[in-house]
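Here is the structure we will look at, set down as structure tokens.
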Amino acid sequence: MTETVWWRGAVFYEIYLRSFADGNGDGVGDLVGARRRLPYLAQLGVDAVWLTPFYRSPMADGGYDVENHCDVDPVFGSLEDFDALLAEAHRLSIRVTVDIVPNHVSDQHRWFMTAVAAGPGSPERDRFIFRDDAGDGSPPNNWGSDFGGPAWTRLTRPDGQLEQWYLHLFGPEQPDLNWEHPDVRAEFEAILRFWLDRGVDGFRIDVAHGLVKAAGMPDNAVLPPTRSGTSYRPVGHQWDQPGVHSIYRDWRLLLDSYPGDRMAIGEAWVETHEALARYVRPDELHQAFNFHLLQAPWEAAALRGAIVDSLAAASAVGAAATWVLSNHDVVRHVTRYGGGTAGQRRARAAALLMLALPGAAYLYQGEELGLPEVDVPDEARRDPMLQRSSGAHRGRDGARVPLPWEARAPGLGFCPPEVAPWLPWPEDWHELAVDRQHGQTDSVLSLYAEALRHRRSQVRSQPQHVEWLDAPPEALLFRRGTMACGVNLGDAPLSAPAEGRLLVRSSPGPATVLERDAAAWWLVPAQA
Ligand code: BGC
């Protein structure tokens with residue numbers, strides 16, 4: 001089977017808007033800036049962009065605390081700016097998907113403000129998850145917020161009296177919605193329609209595994225922390241409940257009622273491949289982020305296991321697999337793979353591995369430049385996670401530092417020289433700038449552009465089936481039809497398949513042998 005609809009094999013590019021390009025010169029990326037840089041993405045060769053939230057928000061969590069889902073925050077521009085970006089993207093044949101945040105809203109959202117004012121027992125409070133105090137001043141259950149501390153905050157009346165608790169799986173400024181309530185369902189269907197009617201091609205569903213909580217909200221067993229080192233594993237009664245799937249069945253019907261193959265991808269951090277596959281059954285979401293490749297260490301067996309299991313789980317439900325190495329929530333993969341020269345080499349090889357696989361690939365802005373995680377000084381950090389976790393987790397700002405566009409410009413071409421970017425750059429960031437890498441045959445940017453070009457012409461149309469070929473234990477070698485991909489993670493040399501003709505290599509070297517931390521694609525003769 002080859003791909004039929006556009007999203008099955010598309011390359012998506014995540015634009016973390018506040019760090020992509022600043023159009024109005026305030027040090028924060030915005031829609032105008034992003035629109036101006038779209039030709040760069042067209043030249044790179046991506047099929048679609050995913051825009052992180054640009055809705056009205058007090059920005060307690062970088063915009064993932066939405067106050068009004070149908071309006072643009074002035075920091076990011078206006079609805080007209082959005083329409084202009086969408087039109088320009090479509091002119092350049094780039095599809096546009098937007099982030100939808102249905103698990104929670106901002107505490108400044110009209111519903112939450114009214115619920116607080118209306119008081120305990122009011123119908124307004126039913127749209128959220130409020131609980132009385134049991135009498136001992138402890139939260140209603142032991143669930144933890146994803147950002148650290150308890151998942152419950154107790155309201156205080158203006159006269160100082162304590163009253164009910166409300167649930168927030170993230171920050172206290174992000175109260176969870178009650179998805180048992182019909183208003184919540186109706187509101188989000190209206191939001192989806194609002195953006196579909198404007199012409200978006202799809203949605204990324206934030207925290208797709210969190211909307212429905214276990215009946216009775218029982219205590220969790222004592223669980224290991226959700227974040228350790230570079231990995232993130234939410235487990236407990238607040239995540240991945242069976243009831244969540246009916247929401248996506250309704251959304252699928254809604255999306256299918258629009259022309260033009262509109263799609264949705266769920267951000268579902270779940271434990272097993274099978275659990276993930278439930279989100280992409282034929283009548284549910286089109287795709288779900290598969291984080292198994294991202295969570296695998298740079299070891300052949302772990303990478304191969306992630307690939308084999310992901311493909312099996314996706315194909316069991318007839319879904320296309322998805323692949324991702326980095327996003328705005330995790331440590332960038334150059335750094336995860338060891339940083340420095342080794343991290344750079346491995347990240348280049350990983351890009352060829354990911355882009356050779358059947359299914360859709362999601363790139364995170366800056367990975368095409370080889371950007372590493374930045375050690376942002378604590379006083380400059382903005383992610384609420386640092387404070388909420390009492391410093392235990394330094395937060396996600398290190399992956400969110402604005403893109404360097406022009407090496408010689410004082411604002412690195414991201415913002416004008418007289419303003420400071422919202423997060424500071426490291427000293428040597430100019431060396432990684434787009435204009436430095438552009439046209440340099442050995443740059444990461446050139447590697448990505450070349451890989452994306454070959455992917456369109458030679459890889460995408462290949463069979464979806466991955467056939468593993470003999471290779472040393474510390475290497476991966478597989479073919480899809482007439483293309484083969486090899487990645488060497490060990491010291492034993494990895495030879496190209498017989499009669500393989502080199503298409504692209506992750507680092508300079510011979511065409512038929514790969515050394516440690518190198519990857520390549522070859523064209524191979526069709527099988528007899
Ligand atoms: C987003 C995060 C955000 C969280 C709460 C996530 O999964 O990607 O950046 O903090 O949802 O909305």
Side-chain angles (χ1 to χ4, degrees), residues 12 14-20 29 50-67 69 73 97-109 112 128 143-149 151 167-177 179 188 191 203-211 213 226-227 230-235 238-240 244 264-270 276 279 285 287-291 294-295 322 324-332 362-365 373 381-389 393-401 422-423:
F12 290 76
E14 178 189 355
I15 294 185
Y16 188 72
L17 202 59
R18 58 176 47 241
S19 301
F20 188 65
W50 145 32
L51 292 173
T52 54
F54 47 81
Y55 315 111
R56 258 191 202 267
S57 163
M59 307 290 168
D61 180 20
Y64 281 96
D65 48 321
V66 180
E67 188 184 321
H69 244 303
D73 195 276
T97 63
V98 299
D99 224 313
I100 292 293
V101 190
N103 180 67
H104 44 265
V105 291
S106 159
D107 61 352
Q108 303 303 304
H109 188 284
F112 193 71
F128 296 90
W143 293 1
S145 149
D146 209 62
F147 292 167
L167 179 74
H168 52 85
L169 296 184
F170 295 87
E173 305 87 354
Q174 295 163 291
D176 275 50
L177 288 163
W179 272 88
F188 274 87
I191 291 167
F203 300 102
R204 178 255 187 192
I205 314 297
D206 188 64
V207 195
H209 57 311
L211 278 48
K213 282 71 180 171
T226 52
R227 286 172 205 275
T230 54
S231 82
Y232 172 56
R233 291 225 149 90
V235 268
Q238 64 275 51
W239 307 114
D240 193 29
V244 82
I265 177 161
E267 183 215 21
W269 289 89
V270 293
L276 189 66
Y279 288 77
L285 299 174
Q287 294 180 338
F289 281 109
N290 161 27
F291 294 117
L294 180 156
Q295 289 175 317
T322 64
V324 53
L325 292 170
S326 278
N327 65 32
H328 67 283
D329 289 329
V330 300
V331 171
R332 283 186 179 273
Y362 282 77
L363 310 181
Y364 176 47
Q365 67 181 39
E373 186 80 358
R381 286 185 178 254
R382 306 283 190 86
D383 186 3
M385 205 180 269
L386 174 67
Q387 215 193 347
R388 293 282 306 166
S389 69
H393 195 288
R394 290 190 73 211
R396 300 161 293 179
D397 294 307
R400 299 176 177 179
V401 172
W422 75 278
L423 283 176

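One-based numbering, in listed order, for ligands and for the atoms of each.
- Legend: residues meeting salt bridge (charged side-chain N to carboxylate O under 4.0 Å, His left out) with Arg381, ordered by chain and number and at least two apart, are Asp378.
- A salt bridge links Asp61 to Arg396: one of the charged nitrogens lies within less than 4.0 Å of a carboxylate oxygen.
- A distance below 6.0 Å separates the ring centres of Phe188 and Trp179.
- Using bins of under 30°, 30° to 60° and over 60° for the plane-to-plane angle, the ring pair Tyr362/Phe289 lands in the perpendicular bin.
- Taking the six-membered ring for Trp and thresholds of 30 and 60 degrees, Phe170 and Phe147 have ring planes more than 60 degrees apart, a perpendicular arrangement.
- A salt bridge links Asp329 with Arg400; the closest basic N to acidic carboxylate O contact falls under 4.0 Å.
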Could you pull out every N or O of ligand 1 that sits under 3.5 Å from a protein N or O, with the distance for each pair?
{"residue": "ligand 1", "atom": "7 (O)", "partner": "Asp206", "partner atom": "OD1", "Å": "3.3"}
{"residue": "ligand 1", "atom": "7 (O)", "partner": "Glu267", "partner atom": "OE1", "Å": "2.7"}
{"residue": "ligand 1", "atom": "7 (O)", "partner": "Glu267", "partner atom": "OE2", "Å": "2.5"}
{"residue": "ligand 1", "atom": "8 (O)", "partner": "Arg204", "partner atom": "NH2", "Å": "3.0"}
{"residue": "ligand 1", "atom": "8 (O)", "partner": "His328", "partner atom": "NE2", "Å": "2.9"}
{"residue": "ligand 1", "atom": "8 (O)", "partner": "Asp329", "partner atom": "OD2", "Å": "2.5"}
{"residue": "ligand 1", "atom": "9 (O)", "partner": "His328", "partner atom": "NE2", "Å": "2.9"}
{"residue": "ligand 1", "atom": "9 (O)", "partner": "Asp329", "partner atom": "OD1", "Å": "2.7"}
{"residue": "ligand 1", "atom": "9 (O)", "partner": "Arg396", "partner atom": "NH1", "Å": "3.3"}
{"residue": "ligand 1", "atom": "10 (O)", "partner": "Asp61", "partner atom": "OD1", "Å": "3.3"}
{"residue": "ligand 1", "atom": "10 (O)", "partner": "Asp61", "partner atom": "OD2", "Å": "2.6"}
{"residue": "ligand 1", "atom": "10 (O)", "partner": "Arg396", "partner atom": "NH1", "Å": "3.0"}
{"residue": "ligand 1", "atom": "10 (O)", "partner": "Arg396", "partner atom": "NH2", "Å": "3.4"}
{"residue": "ligand 1", "atom": "11 (O)", "partner": "Asp206", "partner atom": "OD1", "Å": "2.9"}
{"residue": "ligand 1", "atom": "11 (O)", "partner": "Asp206", "partner atom": "OD2", "Å": "3.1"}
{"residue": "ligand 1", "atom": "12 (O)", "partner": "His104", "partner atom": "NE2", "Å": "2.9"}
{"residue": "ligand 1", "atom": "12 (O)", "partner": "Asp206", "partner atom": "OD2", "Å": "2.8"}

